[in-house]
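Since the structure comes first, as structure tokens, the remarks are kept for the end.
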Amino acid sequence: MPDAHSNGASLPALRHTAAHVLAYAVQELFPDAKPTIGPAIENGFYYDFDRGEPFTPDDLVRLEERMRKIIAADYEMTGQTVTRDEAIARFAGNPYKVELAEAIPDGEPVTLYTIGDFTDLCRGGHADRTGEIGAVKLTSVAGAYWRGDEHNPMLQRIYGTAWHTPAELDGYLTQIEEAQKRDHRKLGVELDLFSIEEDAGGGLVFWHPKGAIVRGLIEEFIRTGLRERGYLPVVTPHVVSEKLYEISGHLENYAHGMFGALEVEEQRFRLKPMNCPGHILIYRGQPHSYRELPIRYSEFGTVYRFERSGVLHGLTRVRGFTQDDAHIFCTPEQLQGEFEQTLDEALRLMKAFGFSDFEYFLSTREEALRADTDAIAEDAIRRALERYELPYQLDEGGGAFYGPKLDINVRDAIGRKWQLGTVQVDFNLPERFELKYRGADGLDHRPVMIHRALAGSLERFFGILIEHYGGAFPAWLAPVQAVVTPISENQVGYAREVAARLSGMGFRVSVDESNEKLGYKIRHWKTQKVPYILVVGKQEAADNTVNVNERSVEEKRTISVSEFAEELKRKVDTRG
RNA sequence: GCCGACGUAGCUCAGUGGUAGAGCAGCCGCUUCGUAAGCGGCAGGCCCGGGGUUCAAGUCCCCGCGUCGGCUCCA
């Protein structure tokens, strides 16, 4: 999307200007509030204020009105360069601005920008006049720590959005509504897929039958890929002695993300936060020859991680989840090839689930943790990406504590980005657990590990799929693929026959035997987003046919039951 | 965890100090119906929990719990 408007400021400049307008309005209506910072953000802007009392929704309405007046007055945005001392003197009553001014490096200009009676310390990047803001709306208030640090005082943040024209604002608001309609938490209730139960605690997911069916299909898809690529299934305990995580280093590096210890017979146990140590124990249990490698262990491993209550969110941020986890133990020579096949499988998976737009991030370890082997690992990742000609971005310091990693992000049907698969190279845990294999030279060598989860967490993956498809799962994934719907009670018998035939072929089919008119039943199943409604009346019962009402297809067709079965089979086989 | 908003029937929500309501969903009956809501009836509530104010609290105050929006975007 182009930023530049035909005759005016870019959107970020426009929004940054709107932030100044907001601060101006606040200065007029709430003179005691101290402005701090107010940048443009992805879809709008915010401004943080230090004020004793929080802003109320009512305050937002008043501020928005005042902002419109400031915009209508069409003030010019004028800048001036001052010395740092002048700036500090000027904002003497505002410790935040003083702190900001003091932090400006020597040699960089210190600039002030003014609209009307409001002057702000600001680096610039604005529209020329407030009148260029065609549409503005304040969206929410929230607490936010000064500089994002929870040890700092909490400020009041006002969020807003600004656009060149009211039509663009409307478009944005419509888009938000669309996203809300797709919210997996809402659809989870409406389609009876899953729930999170207050009496069980936050972040713990209950999969209802319809959700569990979809999960089973996802697992089946993944399992098939693993089998074809030579992975061996393993299953490991959910609770193990804390000792294991002392050896693995998780306790040292990851304790903040683990549930507290359970004490039994004076031994301390932990819920497993990761599957790797368990898989390592299996590998370590017996000697290995280079001839056996690579060894690939896979598990739908359920892990528990402590997340602060405030960050839990539906299926996408939870405390208990199941990873499609696997660990590859291989020789350094095999690393490259194993990494490539993993990447290949990741793409196969994401394409099957309807994603086509990917981004790749190579995350390196933070400087303090880096070892000689990091370069080898990063090189393997880089070469795999180049081999598939995939462009990637570098995230320095974003890697796991045991090594660098590749993350794959996808864009969903309405353009939002999600982080999905992750593949990590690990020279560290084999060292900690003293893993070895006997080489052709008769000596012991250290294997390399690859950690990989392609869907990531099944919970999160499911949540993303719900939003991606807006609840309308394609036929191969739909928990109910077809509902046979008799027009009157007289066709219930035939409807049951049709359903029995289709179920016998392995399809997921139900019969609507409710005492309602056809229109009611159609509406019901449409809102349930069932891919096929098979209407059967007197005519169909006589001809051994069904009238196919296909989701999001206007045209209805009457075809034989076996023709329908073939069509559905074709859909399922092609994942349509 | 911190800031704010919210918490009333399975769901969506009304009720703002004086006898707890609606729509949808559910159940029962009538209707037997041709592609997005047929009609009638019944049932359904620790108004999140605890404390307080008041003659009287779903409503006001305090303390918890939960949900939601933020707390990464840097003058």
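No experiment lies behind these values; they were computed from the predicted model shown. Letters A, B, ... mirror the listed sequences (proteins, then strands); counts begin at 1.
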- request: May I ask you to say what A:Tyr96 touches in the nucleic acid, namely base, sugar-phosphate or nothing, with a heavy-atom cut-off under 4.0 Å?
  value: nothing

As its Watson-Crick or G-U partner within any shown strand, both distances under 3.5 Å, B:C30 has B:G38

A:Glu554 atom CD is separated from B:A36 atom P, nearest whole Å, by 8 Å

The nucleotide from B:U35, B:C71, B:C33 with an atom nearest the side chain of A:Ile522 is B:U35

Notebook entry, point to check: For A:Pro35, which contact category applies under a 4.0 Å heavy-atom criterion: base, sugar-phosphate, or nothing?
Noted result: nothing

For B:C60, the nucleotide meeting Watson-Crick or G-U wobble distances (both under 3.5 Å) is B:G52

Next item on the list: Describe the nucleic acid contact of A:Thr139 in one word from base, sugar-phosphate, nothing, applying a heavy-atom distance below 4.0 Å.
Entry: nothing

- Query: How about A:Phe30 and A:Phe49: are their ring centres within less than 6.0 Å of each other?
  - Reply: no

Using a 4.0 Å heavy-atom cut-off, does A:Glu540 contact any base of the nucleic acid, only the sugar-phosphate backbone, or nothing at all? base

Of the listed B:G34, B:C71, B:G69, the closest approach to the A:Ala142 side chain comes from B:G69

From OH of A:Tyr46 across to C1' of B:G4 the rounded distance in Å is 17 Å

Atom CD of A:Glu197 and atom C1' of B:U67 are separated, to the nearest Å, by 13 Å

Inset, instruction - Step through the shown structure and confirm whether more than 12 heavy atoms of other residues, nucleotides or ligands are within 6.0 Å of CD on A:Glu42. - result: no

Review point. How is A:Gly202 classified with respect to the nucleic acid when contacts are heavy atoms under 4.0 Å: base, sugar-phosphate, or nothing?
Key: sugar-phosphate

With no hydrogens and no angle check, just 3.5 Å: does a side-chain donor-acceptor pair link A:Thr78 and A:Glu76? no

Rounded to whole Å, OH of A:Tyr47 lies from P of B:G70 at a distance of 22 Å

query: Say you pick atom P in B:U59 and the same atom in B:U8; how far apart are they, in whole Å?
result: 13 Å

- Query: With a non-hydrogen cut-off below 4.0 angstrom, is A:Asp120 in contact with a base, only sugar-phosphate, or nothing?
  - Reply: nothing

The nucleotide from B:C33, B:C3, B:A36 with an atom nearest the side chain of A:Ile487 is B:C33

Worksheet item: With a non-hydrogen cut-off below 4.0 angstrom, is A:Glu99 in contact with a base, only sugar-phosphate, or nothing?
Response: nothing

### Message
Using only modelled atom types and a 3.5 angstrom limit, is any donor from either the side chain of A:Asp48 or the base of B:C3 paired with an acceptor on the other?
### Response
no

**Message:** Taking atom NZ as the centre, does A:Lys526 end up with more than 12 heavy-atom neighbours from other residues, nucleotides or ligands that are less than 6.0 angstrom away?
**Reply:** yes

Point to revise | Other residues, nucleotides, ligands: >12 heavy atoms within 6.0 Å of A:Glu513 CD | key: yes

- prompt: Can you find a side chain N or O atom of A:His313 that sits less than 4.0 Å from OP1 or OP2 on B:G69?
  reply: yes

Practice task
Would you kindly check whether a donor in the side chain of A:Tyr145 faces an acceptor in the base of B:G1, or vice versa, at under 3.5 angstrom?
Solution key: yes

Per atom distances to the A:Tyr159 side chain, the nearest of B:U32, B:G70, B:C73 is B:G70

Discussion item. Heavy atoms only, 4.0 Å cut-off, all strands: where does A:Arg157 land among base, sugar-phosphate and nothing?
Written reply: sugar-phosphate

(message) Heavy atoms only, 4.0 Å cut-off, all strands: where does A:Gly537 land among base, sugar-phosphate and nothing?
(response) base

| request: Please check if atom CG in A:Asp117 has more than 12 non-hydrogen atoms from other residues, nucleotides or ligands closer than 6.0 Å. | output: no

Whole-Å distance, A:Leu100 CG to B:C74 P, equals 12 Å

Here the distance between atom P of B:C11 and atom CD of A:Glu190, to the nearest Å, is 12 Å

Checking B:U35, B:C3, B:U32 against the side chain of A:Asn547 (C-beta onward), the nearest is B:U35

Taking for A:Ala101 and for A:Phe55 the nucleotide of RNA chain B with the nearest heavy atom, the one nearer the 5' end belongs to A:Phe55

In A:Phe55, A:Tyr46, A:Tyr47, the residue satisfying ring pair (Phe, Tyr, Trp, His ring centres under 6.0 Å) with A:Tyr159 is A:Tyr46

(message) Are A:Phe564 and A:Tyr532 an aromatic pair, judged by ring center distance below 6.0 Å?
(response) yes

note: A:Glu42, atom CD; B:U72, atom P; distance rounded to Å ~ 16 Å

B:A43 -> Watson-Crick or G-U wobble partner, both distances under 3.5 Å, gives none

### Message
Using a 4.0 Å heavy-atom cut-off, does A:Arg185 contact any base of the nucleic acid, only the sugar-phosphate backbone, or nothing at all?
### Response
sugar-phosphate

Pairing partner of B:G21, by Watson-Crick or G-U wobble and under 3.5 Å for both distances, is B:C13

From the candidates B:G38, B:C74, B:C3, the one with an atom nearest any side-chain atom of A:Gln156 is B:C3

Could you check whether A:His524 gets within reach of a base, just the sugar-phosphate, or nothing at all, counting any heavy atom under 4.0 Å?
-> nothing

Please report the distance separating the C1' of B:G58 from the corresponding atom of B:C42, rounded so that it comes out in whole Å. 26 Å

With the side chain defined as heavy atoms from C-beta on, A:Thr527 is closest, among B:C30, B:A36, B:C74, to B:A36

Side-chain atoms of A:Leu518 come closest, of B:C71, B:A36, B:G34, to B:G34

Inset, instruction - May I ask you to say what A:Tyr520 touches in the nucleic acid, namely base, sugar-phosphate or nothing, with a heavy-atom cut-off under 4.0 Å? - result: sugar-phosphate

Requested in this report: Identify whether any heavy atom of A:Asn490 sits under 4.0 Å from a base atom; if not, whether one sits that close to sugar-phosphate; answer base, sugar-phosphate or nothing.
Outcome: sugar-phosphate

Select base, sugar-phosphate, or nothing to describe what A:Lys538 touches, counting heavy atoms under 4.0 Å on all strands. base

B:C2 -> Watson-Crick or G-U wobble partner, both distances under 3.5 Å, gives B:G70

A:Ile41 atom CD1 is separated from B:C71 atom P, nearest whole Å, by 8 Å

Heavy-atom nearest nucleotide on RNA chain B taken for A:Arg308 and for A:Thr111; more 5' hit belongs to A:Arg308

Using a strict cut-off of less than 4.0 Å between a Lys/Arg side-chain nitrogen and an Asp/Glu carboxylate oxygen, indicate whether A:Glu516 and A:Arg523 qualify as a salt bridge. no

